[in-house]
Chemist: 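I'd like to ask some things about the structure below.
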Amino acid sequence: MSAANRAIVAELYTWRFLKWVVAICVAIVAVFPIWWMVNVVFADPGVPVSINPRLYPTSLGSGLSKIQTILTETAYLRAYFVTIAYALLTILGMLLIGSMAAFEFALFDFPGKRILFGLVMLSLMVPTVVTIIPTYLLVADLGWLNTMQGLVVPGLASAFGLFLLVQFMRTLPREMIEAARLDGASHFKIYWYIALPLSRNAMVTLAILTFMKTWGNFAWPLIVAPKPEIYTVGQVVGLFNAPFSHQTVDVVMTANLLAVLPPLLFFLIFQRKIVEGIAMSGSKG
Amino acid sequence: MAELEIKSVSKSFGSVEVLRDINLKIASGEFVVFVGPSGCGKSTLLRTITGLEIETSGDISIDGKRVNDVDPARRGTAMVFQSYALYPHMTVAENMGFGLKMAGEPKAIIREKVSQAAAILRLEKLLDRRPAQLSGGQKQRVAIGRAIVRNPKVFLFDEPLSNLDAELRVNMRAELIDLHRRLGATMIYVTHDQVEAMTLADRIVVLNGGIVQQFGRPLDLYDDPDNRFVAGFIGSPKMNFLDAVVLETGPGHVTLGKLGGSDRSLRLAFDGFDPSIKEVVVGIRPEHARLGESGPDTVPVSVGFAEELGDVTYLHGKTPGRSPMIIRSDKGRFSGQIDCNVAFDPAGVRLFDADGRRLRADGN
């Protein structure tokens with residue numbers, strides 16, 4: 001190997017090494033708060049971490065007992081079920097409505113299609129804080145405050161979901177839709193038997209992104225479901241974190257950890273799909 | 001089997017007229033090929049027949065019944081697409097049986113019909129596979145199987161072999177001819193490949209610019225084209241066209257001069273030549289042009305290169321007027337550039353007017 005080549009190889013290795021250093025630093029910044037949370041939860045009782053800082057958990061039993069306490073002695077478990085129902089119903093509804101609308105927008109022509117789609121896409125530019133009060137008033141008028149439909153229904157018509165599914169369905173070959181039409185499939189059957197199964201990847205991506213967003217949604221449940229019976233995990237964690245909460249920091253951290261766990265597991269399981277989804281839509285939802 | 005009649009069908013997309021006054025009558029059991037260059041309207045005509053496009057005017061009848069307002073699925077047509085259009089999430093059997101499932105047929109009947117079609121196309125062992133696990137030829141057979149299962153009155157093929165490699169295409173052509181013989185069905189086939197059209201068709205429809213240029217048996221189109229477009233489109237290598245001027249007309253003959261920009265003339269037997277025509281285009285196929293001695297009835301050609309294909313040799317040259325000229329010469333071996341004289345077989349000469357219309361002698 002010539003001296004010039006050796007210099008190029010050395011430069012490549014140095015560049016790669018620097019990239020790794022930066023990546024590891026970013027990873028530490030991202031992971032440290034979660035690790036600190038685990039560290040605090042699984043700590044010996046009566047020994048505040050702030051007094052005796054360390055970077056490793058010391059007591060599994062203590063952490064498990066805190067989790068048990070929160071799940072049995074507070075309304076946390078109920079909030080868990082409410083949030084799961086909220087997330088699942090939102091996902092199902094959004095997929096159904098979004099896929100039907102995307103099917104029409106992506107594969108068929110109808111009068112006013114471009115204007116309508118443009119309007120829906122414009123709504124992506126309107127921040128949630130602008131729409132939250134009119135939506136609240138509408139839900140209140142319908143008598144849906146403190147109900148599951150009040151939580152779920154306003155989130156079903158998702159401009160982002162429609163955009164994602166339209167982008168995907170546009171890639172379905174038109175000939176396949178025509179073949180189904182010649183095979184005698186009705187409009188709905190083409191959607192059900194052809195478009196829907198072929199859009200599975202986009203649907204899974206949308207489901208994952210919707211779950212992450214719904215699970216972490218704080219503002220909407222806070223204003224539309226103020227009744228404790230229908231508190232979501234976000235609201236309950238908010239109570240633990242409230243200024244006058246008498247809970248110690250390790251119990252508050254346990255509540256936070258339990259709230260983080262489902263999206264974290266979701267992310268670990270569907271990591272590839274989430275990255276694909278972000279790449280596909282050019283947005284993180 | 002069914003008869004198909006197309007009467008005065010036109011089709012426009014906005015201000016663009018894609019089909020103009022199409023009139024065709026296709027007999028029951030006939031294999032008809034629509035051929036023409038890209039954008040000539042052949043696929044649009046096929047899609048109009050099957051109902052995927054709505055005609056702007058005119059009537060389409062299958063077995064004497066007007067089908068303009070009949071849903072595509074109920075017209076009794078089945079289409080095989082260029083891209084196969086197989087459903088990737090279904091197995092071969094599910095793909096083939098999808099039409100019957102949509103028609104609400106019982107599962108046992110679907111299974112039986114799919115098995116029958118699979119047997120015809122030798123697909124029995126592939127029924128549980130998905131399209132991604134099939135080769136191009138197998139996918140094509142599944143697409144045909146899907147059409148067969150529906151037992152249509154008319155089969156429509158939209159450039160079904162264009163995605164296959166050359167060898168497979170030749171094999172599939174033979175399979176299609178065999179299938180047509182066995183099913184005896186009316187088939188309409190779209191292609192831009194005139195060799196494919198000549199091989200498969202009972203009759204060929206040549207389209208250009210949305211107009212039917214000629215409809216007839218393959219050799220009738222080859223030997224007796226109605227216009228310059230058909231003469232040039234049918235046949236490979238294509239017909240040579242040389243400009244000429246009319247020097248003299250007389251009873252039973254016409255004499256042409258300045259043939260291909262040369263100083264040579266050509267006297268042809270021709271009854272009733274219109275004396276008002278002063279300029280013509282002479283059409284001559286490569287096999288009707290032969291190398292000869294210099295003489296008044298020959299044209300000098302400067303040959304640039306020879307295509308020695310084994311069974312035939314084609315010489316590619318230019319006349320003094322720079323018109324391209326291909327001559328078939330099977331015996332000789334050639335190298336480098338040569339200057340030669342080409343004589344025409346008078347029986348193979350076709351005359352066209354300046355607008356490309358065929359000039360026919362009286363009684364022809």
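Protein chains get the first letters and strands the later ones, always in sequence-line order, with residue 1 at the start of each. Nothing here was measured: the structure is a model prediction, and the numbers come from that model. The figures here come from the full heavy-atom set of this structure, side chains too, leaving out hydrogens, waters and symmetry mates.
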Chemist: Apply ring pair (Phe, Tyr, Trp, His ring centres under 6.0 Å) to A:Phe110 and list each qualifying residue two or more places apart in sequence or on a separate chain.
Modeler: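 Partners of A:Phe110 under the ring pair (Phe, Tyr, Trp, His ring centres under 6.0 Å) test: A:Phe105.
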Chemist: Applying the side-chain contact (heavy atoms from CB on, under 4.5 Å) test to B:Phe157, which of B:Leu200, B:Ile144, B:Ile188 qualifies?
Modeler: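 Exactly one option meets the side-chain contact (heavy atoms from CB on, under 4.5 Å) with B:Phe157, and it is B:Ile144.
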Chemist: Report the residues that fulfil side chain to side chain contact (heavy atoms under 4.5 Å, CB included) with A:Thr232, sequence neighbours left out, ordered by chain and then residue number.
Modeler: A:Val82, A:Thr83, A:Tyr86, A:Leu151, A:Pro221, A:Gln235
Chemist: Distance check, rounded to the nearest 0.5 Å: B:Leu45 atom CG versus B:Ile60 atom CD1?
Modeler: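 Rounded to the nearest 0.5 Å, the CG-CD1 separation comes out at 7.5 Å.
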Chemist: Under 30°, 30 to 60°, or over 60°: which ring-plane class applies to A:Tyr76 and A:Tyr80, parallel, tilted or perpendicular?
Modeler: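 If you compare the ring of A:Tyr76 with that of A:Tyr80, the planes turn out tilted.
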Chemist: Give the member of B:Pro72, B:Ala143, B:Ala103, B:Ala78 that has the highest number of heavy-atom pairs under 4.5 Å with chain A.
Modeler: B:Pro72
Chemist: With a 4.5 angstrom heavy-atom cut-off, could you sort out which part of B:Leu100 is near chain A: side chain, backbone, both or neither?
Modeler: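 No part of it gets close to chain A.
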Chemist: Short of 3.5 Å, which donor-acceptor contacts do chain A and chain B share? List atoms and distances.
Modeler:
residue	atom	partner	partner atom	Å
A:Glu175	OE1	B:Ser83	N	3.3
A:Glu175	OE1	B:Ser83	OG	2.1
A:Glu178	OE1	B:Arg47	NH1	2.7
A:Glu178	OE2	B:Arg47	NH1	3.2
A:Glu178	OE2	B:Arg47	NH2	2.6
A:Ala180	N	B:Tyr87	OH	3.2
A:Leu182	O	B:Arg150	NH1	2.9
A:Leu182	O	B:Arg150	NH2	2.8
A:Asp183	OD2	B:Tyr87	OH	2.7
A:Tyr193	O	B:His89	NE2	2.8

Chemist: Suppose we screen for side chain to side chain contact (heavy atoms under 4.5 Å, CB included). Which residues come up paired with A:Leu77, at least two apart in sequence or across chains?
Modeler: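 Counting only residues at least two positions away or on another chain, A:Leu77 forms a side chain to side chain contact (heavy atoms under 4.5 Å, CB included) with A:Leu71, A:Phe81.
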Chemist: Could you tell me whether a side-chain N or O of A:Trp220 sits under 3.5 Å from a main-chain N or O of A:Thr214, the two making a donor and an acceptor?
Modeler: no
